[in-house]
2 protein chains.
Amino acid sequence: MEEYAALPLFAGIREEDVGAMLACFRARRGSYRSGEPVCEYDGSCREVGVLLEGTARLVRIDRAGAQTILEHVGPGGVFGEVLGFTSYYGDSVFVVCEEECRVLYLDYAHIMQRCQKACGYHSTLVRNMFALVTDQICSLSRRVEVLSRRSIREKLMSYFAIQAGERGREEFLLPFSLTALADYISTDRSAMMRELRRLREEGLVEITGRRVRLGPGDKAEA
Amino acid sequence: MEEYAALPLFAGIREEDVGAMLACFRARRGSYRSGEPVCEYDGSCREVGVLLEGTARLVRIDRAGAQTILEHVGPGGVFGEVLGFTSYYGDSVFVVCEEECRVLYLDYAHIMQRCQKACGYHSTLVRNMFALVTDQICSLSRRVEVLSRRSIREKLMSYFAIQAGERGREEFLLPFSLTALADYISTDRSAMMRELRRLREEGLVEITGRRVRLGPGDKAEA
DNA sequence: TCTTGATCGTTGCAGATGCAACAGACAATT
DNA sequence: AATTGTCTGTTGCATCTGCAACGATCAAGA
């Protein structure tokens, strides 16, 4: 129970209530190893997953085989087909385990149904879930922010600026590999590397491995 | 009151409760004319807006003046800074009225606070809001779906396919002008027109004004 | 009626980007 | 030690795309 109480989803819910709640929402658990598929968004998934431990990514693969990372999920994060993502015409969307992870599943319908017992924690849970979903909108809109740039250079700078802004520092570690970054900003990796080199040469950013530091030239366009 | 009861946000709430609720959430109203700014996401907006009538768009303008439509809001739709969108470093994000609109504002904090009176409609409202926010995730993820394509051609086809899929027909009207479409898929308008012509020449789509019909060549890549 | 602004449609051109292909570094596994 | 797989870094090349610029059309307003 203690491990649940620490989750954002269960914030403000008394530990002694958690047990009842888990039963109420038909909780079940799952464990996955790196690279393993966690769940596929094929219309069958009616649950909300909460990541207790590990990391995962939400990925789309289209008919041509091109892969796009739609979202990253870390500990405490939620995912689920019911939370808004859908797949289209032959594209498949699914969650893949990155680092070994444990997942708690709750039944969506039971969360959203009005509870006959009028349990206090129920509305708290809904509010918490609301906050988590709002965070998702945030990260999606950041993604749109980046993707809507017209050139690789702008995409990179926009992405870096957002990262720096979020952490409040000019220097930070990329949360994933350069290969994955190319994927995230939806461009060709080699073209991205080329642009990255130019940015480095012009002193706009310093990049060593996954460490990124925004250079002084940053204010150029201000 | 009747006009509110029809809103998705108030679904399942008894008409006689709406009055009390509006007071409870510090409701206020606003009217805007076409082109007028409705609200700016500058950190000051602590309310949720519900569109009673008309249409609006959520727009970002960056330092360089480039404009991007982040979202469309129709009657019954909700918007608000608290719902996840934020602006970064000099970019400004705001809602602009498209067609003359009337807006109902509710105070976000009051919605999310646990209600001392434990009014039944309160949790219903939260659940409804949840559904609306989930819809937003849906539309954002569709946007990402389109933007993450690597070429204008793929962006267009992806957008068309999503539109067709949503309405269940191969033929539909674009919800906005071609200029706005270029904006939505974040490409140069002239380049988009060029690609549109090629698609037409190859028989992949028929386009007359805003009317689009997916051609038989559609299955090409299947 | 004339003007204004928005949308649509087109073109030339330079530079950016996607693609294919390759090689080295590194870690994990056999 | 050999192997496998992933990540990084690079290059040549054909093509795509962004940009600037122009003209036509249309609707709304003065």
Side-chain angles (χ1 to χ4, degrees), chain A residues 33-36 57 59 62 64-69 96-100 146-158 173-202 204-212, chain B residues 33-36 57 59 62 64-69 96-100 146-158 173-202 205-212 221:
Chain A
R33 267 173 301 184
S34 181
E36 228 180 327
R57 48 173 80 166
V59 178
D62 68 18
Q67 193 179 119
T68 315
I69 300 176
V96 186
C97 174
E98 251 170 22
E99 291 162 36
E100 186 141 354
V146 172
L147 287 179
S148 65
R149 305 295 167 161
R150 280 183 173 65
S151 65
I152 294 182
R153 165 173 294 237
E154 283 180 320
K155 284 181 179 179
L156 285 172
M157 292 311 283
S158 162
L173 279 182
L174 292 176
F176 36 49
S177 71
L178 292 178
T179 304
L181 175 58
D183 221 32
Y184 180 87
I185 67 175
S186 281
T187 54
D188 181 70
R189 188 184 60 83
S190 70
M192 185 192 80
M193 296 299 277
R194 195 160 33 197
E195 201 58 46
L196 228 34
R197 186 176 357 118
R198 286 182 199 146
L199 288 174
R200 199 163 13 196
E201 282 166 6
E202 293 174 34
L204 290 170
V205 290
E206 284 174 37
I207 300 174
T208 329
R210 291 194 184 176
R211 179 160 302 284
V212 177
Chain B
R33 267 172 303 184
S34 181
E36 228 180 326
R57 48 172 80 165
V59 178
D62 68 18
Q67 193 179 117
T68 315
I69 300 176
V96 186
C97 174
E98 251 169 22
E99 291 162 35
E100 186 139 354
V146 172
L147 288 178
S148 66
R149 305 295 166 160
R150 282 185 171 68
S151 65
I152 295 182
R153 165 174 295 237
E154 282 181 321
K155 284 181 179 178
L156 285 171
M157 291 312 284
S158 161
L173 279 182
L174 292 176
F176 35 51
S177 70
L178 291 178
T179 305
L181 176 58
D183 221 32
Y184 180 87
I185 67 175
S186 280
T187 54
D188 181 69
R189 187 184 60 84
S190 71
M192 185 191 80
M193 298 298 277
R194 196 160 32 197
E195 201 58 46
L196 228 35
R197 183 172 4 112
R198 286 181 199 147
L199 288 174
R200 200 163 12 198
E201 282 166 6
E202 294 174 32
V205 290
E206 283 174 40
I207 301 174
T208 330
R210 291 193 186 175
R211 179 161 302 283
V212 178
E221 221 189 342

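Per chain, numbering begins at 1; letters A, B, ... match sequence-line order. The structure displayed is predicted, hence computed values, not measured ones.
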Measure all distances between protein nitrogen or oxygen atoms and nitrogen or oxygen atoms of nucleotides 18-21 of chain D, and list the pairs falling under 3.5 Å.
residue	atom	partner	partner atom	Å
dG18(D)	OP2	Asp188(B)	N	3.2
dG18(D)	N7	Arg194(B)	NH2	3.2
dG18(D)	O6	Arg194(B)	NH1	3.1
dG18(D)	O6	Arg194(B)	NH2	3.0
dC19(D)	N4	Ser190(B)	OG	3.0
dA20(D)	N6	Ser190(B)	OG	3.4

Measure all distances between protein nitrogen or oxygen atoms and nitrogen or oxygen atoms of nucleotides 26-30 of chain D, and list the pairs falling under 3.5 Å.
none

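Partners of Arg153(A) under the salt bridge (Lys or Arg N to Asp or Glu O under 4.0 Å) rule, at least two apart in sequence or in another chain, are Glu195(A), Glu202(A). Remark: Ser177(B) pairs with Thr179(B), Ala180(B), Arg210(B) by the side chain to side chain contact (heavy atoms under 4.5 Å, CB included) rule, at least two apart or across chains. Applying the side chain to side chain donor-acceptor pair (under 3.5 Å) criterion to Arg189(B), with sequence neighbours excluded, gives no partner residue. Remark: Arg197(A) pairs with no residue by the salt bridge (Lys or Arg N to Asp or Glu O under 4.0 Å) rule, at least two apart or across chains. Not counting sequence neighbours, the partners of Glu98(B) by the side chain to side chain contact (heavy atoms under 4.5 Å, CB included) test are Thr55(B), Arg57(B), His72(B). Listed by chain and number, the residues in a side chain to side chain donor-acceptor pair (under 3.5 Å) with Arg200(A) amount to none (sequence neighbours excluded).
Rounding to the nearest 0.5 angstrom, the gap separating the CG atom in Leu181(A) from the OG1 atom in Thr187(A) is 7.5 Å. Atom OG of residue Ser148(A) and atom CD1 of residue Ile185(B) lie 12.0 Å apart, to the nearest 0.5 angstrom.
One interatomic measurement links the two molecules: CD of Glu154(A) to C1' of dT17(D), which rounds to 13 Å at whole-angstrom precision. We find that CG of Leu178(A) is positioned 10 Å from C1' of dG9(D), with the value rounded to whole Å. Rounded to a whole Å, the CD1 atom of Ile207(A) is 11 Å from the P atom of dT8(D). Atom CZ in Arg149(B) sits about 19 Å away from atom C1' in dT17(D), given to the nearest Å.
On the nucleic acid side, DNA chain C has its first and last nucleotide under 4.0 Å of a heavy atom of chain A at dT17(C) to dA20(C), going 5' to 3'.
Asp188(B) has its side chain out of reach of Ile152(B): every pair of non-hydrogen atoms, C-beta onward, lies at least 4.5 Å apart.
Taking five base pairs at each end of the helix from dT1(C)-dA30(D) to dT30(C)-dA1(D) and finding the rotation axis that steps the C1' atoms of four pairs onto the next four gives two axes whose angle is 40°, to the nearest 10°.
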